[in-house]
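Whatever order the structure lists ligands and atoms in, that order sets their numbers, starting from 1.
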Amino acid sequence: MQEKTGAGAVASALTLEEKASLLCGQGAWKTVGVERLGVPSIVLTDGPHGVRLQDPNAGGSAFDINASLPATCFPTAAALGSSWDVDLLARIGEALGAESRAAGVSVLLGPGVNIKRSPLCGRNFEYLSEDPLLGGHLGAALVRGVQSTGVGTSVKHFAANNQETERMRISAEVDERTLREIYLAAFEHIVTTAKPRTVMAAYNKINGVHAAQNPWLLTQVLRDQWGFDGLVVSDWGAVLDPVSAVAAGLDLEMPSTNGFSAQRLVQAVGDGRLDEAAIDRAVVRLLELIEWTAAGREPAAAPDLDVHHALARQAAAESAVLLKNDDAILPLDPDADAAVAVIGEFARTPRYQGAGSSRVTPTRLDNALDALRDAAGEKLRLSFSPGFLLSGDEEPQLVSEAVAAAEAADVAVLFLGLPEGVESEGHDRDDIDLPAVQVRLLEAVARVNRNVVVVLANGGVVEVAGWHRHARAVLEGWLGGQAGGSAIADLLFGRVNPSGRLAETIPLRLADNPSYLNFPGGEGTVTYGERVYVGYRYYDTVDAPVAYPFGHGLSYTSFAYSDLDIRVDGSGDDVVVRVRFTLTNSGPVAGKEVAQVYVGDTASSVDRPARELKAFTKVALAAGESAQVELALYARDFSYFSTTHDGWVLEPGEFVIHVGASSRDLRLSAPVTVHAPEPVAPLTDESTVAQWLADPAGGPALRASLDRIPGSGLGDPAILRMVESLPLTRLAALSGGHVDIDDIRRQLAQASAQEL
Ligand code: GLC
């Protein structure tokens, strides 16, 4: 391996036992140091939306996720994914990096970029999107932000970790095209554009092979094809066999196995089952990581936690999605002479993050009720009623109190959502319903007051179709982090104009989701039967009705799209398609629009989704202001992954470009023709007669054989047409030896040699 730094020299000074010990963690959160050679131990800890560093004085288990030192709890990924704001995420990454450095953390374990295959996944709060382009671009921004501070990241969980059920042993059965186009694509974008210092190998198997010891995944794809030169760390406890893992391309097993794995590695080298070079490669990568993070271990200015809190507040406001706003009931006027009934325990007791390894101890915690009271003018009369118990138990007294408050008010604002523990690392949900007590409360309130606003706090999407008719406005606040309460007040009173857009479709019913019949699988496997048709790729292709589509989100203003102009430069792999249009804020107040570009392949030789997100941008515009927007598309944006060609294929022909405000709200569309060489499938023995005859070199070789078949009638086009679909092997078997595949291959090789 080409030595990039002194790491190789240090590695050569280590004994085999020392090298093996380096490849396994020290304790729960550290790497092993080698004092005699000046190799420090470094700390890796969670992420992704805040620094969760075990309090060393807390005693108890090193895995006590509630005993972590205070850090800014930013909105979780489900919220940040809905911001569609690359610059914002980079800034959050910088803040996370600064707090990591101050805490002595060298690698922050995140971002989580697994695709939201099913709304039931217990960790969807911790992931960005159902779409790999959105997840990839936002994940890359977080990585760049964190690493700009000298702190490493660990993009996770690589790969196809899309459920919590049986996560440590389930095998995700996924065809390669689906892996490439959907489940690996965000990782590929992040690895190739943001260069994360580490990648975390997932718990699950992929097509029967554990990710943490999967040579195809960790070496062939990640390193050989994508050029990743960082370190692969296992998820905690994901390594079954350290020898297979190191041989497959894993570099660091976490957490410590108290020497057991190191001993197995040494033993394997001793008896020839493992090449010591594999250990050396992993050691060099670890030493290079330690060396790279050295700058990040230098003392830096203590982060300004007030500034970070303000950033968390801005992020939560940018991420909230205004799903509906009938008659512009929002924003509320804080100075109105009116009564507002604030209802719902979540207004007072915020639900602001998910459960599991990402759980942060916040530096402070805002709640919406106090924030609304602080922001309300003198004449605005706010009341509060908890309305329901977080336990989900029925409490009629709370309901009647809330209904009375609503009846006496001009507007009722209900804070609803998913209680703690409903969604968590380690288990999936059984449904996507709001708790029944909350829906009943909403119905009771709506019976006495038609001016109902619902604010949601949830990480995974919830079903809304059964109740959103009772609300004139619905604001999806996700898990908004420690400042989420203030952000909701900012949005409700119009101090911030909502600009979030759905990064995950909200289906009418769970059963409408394309993974429904294949989730969470059983008997050790989960089959990704929906293939590439994940989320909107399915709903839009079959034109299924949804509650709210991917990319949807309202504003307090409106936006107009015009003057679509598409320019095609170049062809084939060098093609650049420039999509230009005018975006105008056609409404009364300043706001931000997320303009989305979708591409559809109108004539492809394989089935493809109706349209796919291929570019987006978030644009801030004053009322009445216009901006010229240009987004560029490249060859990959028109290509699909072909297992026949074992690579990405750009088929020449017509595509359609859509520009819009969601995957359904397509404001501008135009056809575009992309020129490229016709892809020629590599000829194999299983290629058909037609494919062989169409090949410039293979055709003559096969025809020479066919002509030698006496009385075959193959000169008759009708006869030939009948055999065209035969694989060559079958034709050879039927030809009585006249079609000699070896002879054909020799002729092909000669023809190819003559071409060179
Ligand atoms: C967990 C998670 C992973 C986390 C790691 C360390 O099980 O799957 O996301 O970074 O272990 O807590």
*Asks:* How does E164 reach ligand 1, if at all, at less than 4.0 Å between non-hydrogen atoms: by side chain, backbone, both, or neither?
*Replies:*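 Neither part.
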*Asks:* Is it true that E423 and R351 have a side-chain N and a carboxylate O under 4.0 angstrom from each other?
*Replies:*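 Answer for the salt bridge query: yes.
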*Asks:* Counting from 1, what ligand 1 atoms have a heavy atom of M200 closer than 4.0 Å?
*Replies:*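 Checking each atom against M200, I get 10 (O).
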*Asks:* Let me confirm one number: the CZ-NE2 distance from R123 to H157, rounded to the nearest 0.5 Å.
*Replies:*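 Here the interatomic distance stands at 3.5 Å.
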*Asks:* What protein heavy atom lies closest to atom 1 (C) of ligand 1? Include the residue and the distance to one decimal.
*Replies:*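 Nearest neighbour among protein heavy atoms for atom 1 (C) of ligand 1, to 0.1 Å: E425 OE2, 3.2 Å.
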*Asks:* In plain terms, say whether R359 and E420 are close enough for a salt bridge, that is, a side-chain N and a carboxylate O under 4.0 Å apart.
*Replies:*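 Yes, this pair counts.
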*Asks:* Please report which non-hydrogen protein atom sits nearest to atom 3 (C) of ligand 1, along with the residue it belongs to and the distance in Å to one decimal place.
*Replies:*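 Checked against all protein heavy atoms, atom 3 (C) of ligand 1 sits closest to D235 OD1, 3.3 Å.
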*Asks:* Closer than 4.0 Å to some heavy atom of K156 - which atoms of ligand 1 meet that?
*Replies:*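 Per the distance check, 3 (C), 4 (C), 9 (O), 10 (O).
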*Asks:* Taking E425 first and then R167, would you say they form a salt bridge - that is, a charged N and a carboxylate O separated by under 4.0 Å?
*Replies:*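 Salt bridge present between E425 and R167.
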*Asks:* Which atoms of ligand 1 sit under 4.0 Å from any heavy atom of W29?
*Replies:*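 Listed by number with element: 6 (C), 12 (O).
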*Asks:* Between E166 and R169 (salt bridge meaning N to carboxylate O under 4.0 Å), is one present in this structure?
*Replies:*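 Salt bridge flag = yes for R169 with E166.
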*Asks:* Please work out, at 4.0 Å between heavy atoms, whether the side chain, the backbone, both, or neither of R359 comes within that distance of ligand 1.
*Replies:*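 Neither part.
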*Asks:* Below 3.5 Å, N or O to N or O, backbone or side chain included: is there any such pair between H157 and ligand 1?
*Replies:*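 Yes, at least one N or O pair falls under 3.5 Å.
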*Asks:* Output yes when D46 and K156 qualify as a salt bridge under the 4.0 Å nitrogen-oxygen rule, no when they do not.
*Replies:*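 Yes, D46 and K156 are salt-bridged.
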*Asks:* Only heavy atoms count here, so choose which of D46, L109, N114 is nearest to atom 4 (C) of ligand 1.
*Replies:*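 Result: the heavy atom closest to atom 4 (C) of ligand 1 is in D46.
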*Asks:* Give the atom numbers and elements of ligand 1 that come within less than 4.0 Å of a heavy atom of R167.
*Replies:*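 So the answer, numbered in order with elements, is 7 (O), 8 (O).
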*Asks:* For M168, which part has a heavy atom under 4.0 Å from ligand 1: side chain, backbone, both, or neither?
*Replies:*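 Looking at M168 and ligand 1, no heavy atom falls under 4.0 Å.
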*Asks:* Taking 4.0 angstrom as the limit, do D131 and R501 come out as a salt bridge?
*Replies:*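 No, D131 and R501 are not salt-bridged.
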*Asks:* Is the Lys NZ or Arg CZ of R117 less than 6.0 Å from the centre of Y528's six-membered ring, within 45° of the axis?
*Replies:*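 Yes, a cation-pi geometry holds between R117 and Y528.
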*Asks:* In the protein, which heavy atom is nearest to atom 7 (O) of ligand 1, and how far is it?
*Replies:*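 Of every protein heavy atom, Y203 OH, 2.7 Å lies nearest to atom 7 (O) of ligand 1.
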*Asks:* Under a 4.0 Å N-O cut-off, is there an ion pair linking E188 with R180?
*Replies:*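 Not counted as a salt bridge, because no side-chain N and carboxylate O are separated by less than 4.0 Å.
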*Asks:* Is there a heavy atom of R52 sitting under 4.0 angstrom from any atom of ligand 1?
*Replies:*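 Flag set, R52 near ligand 1.
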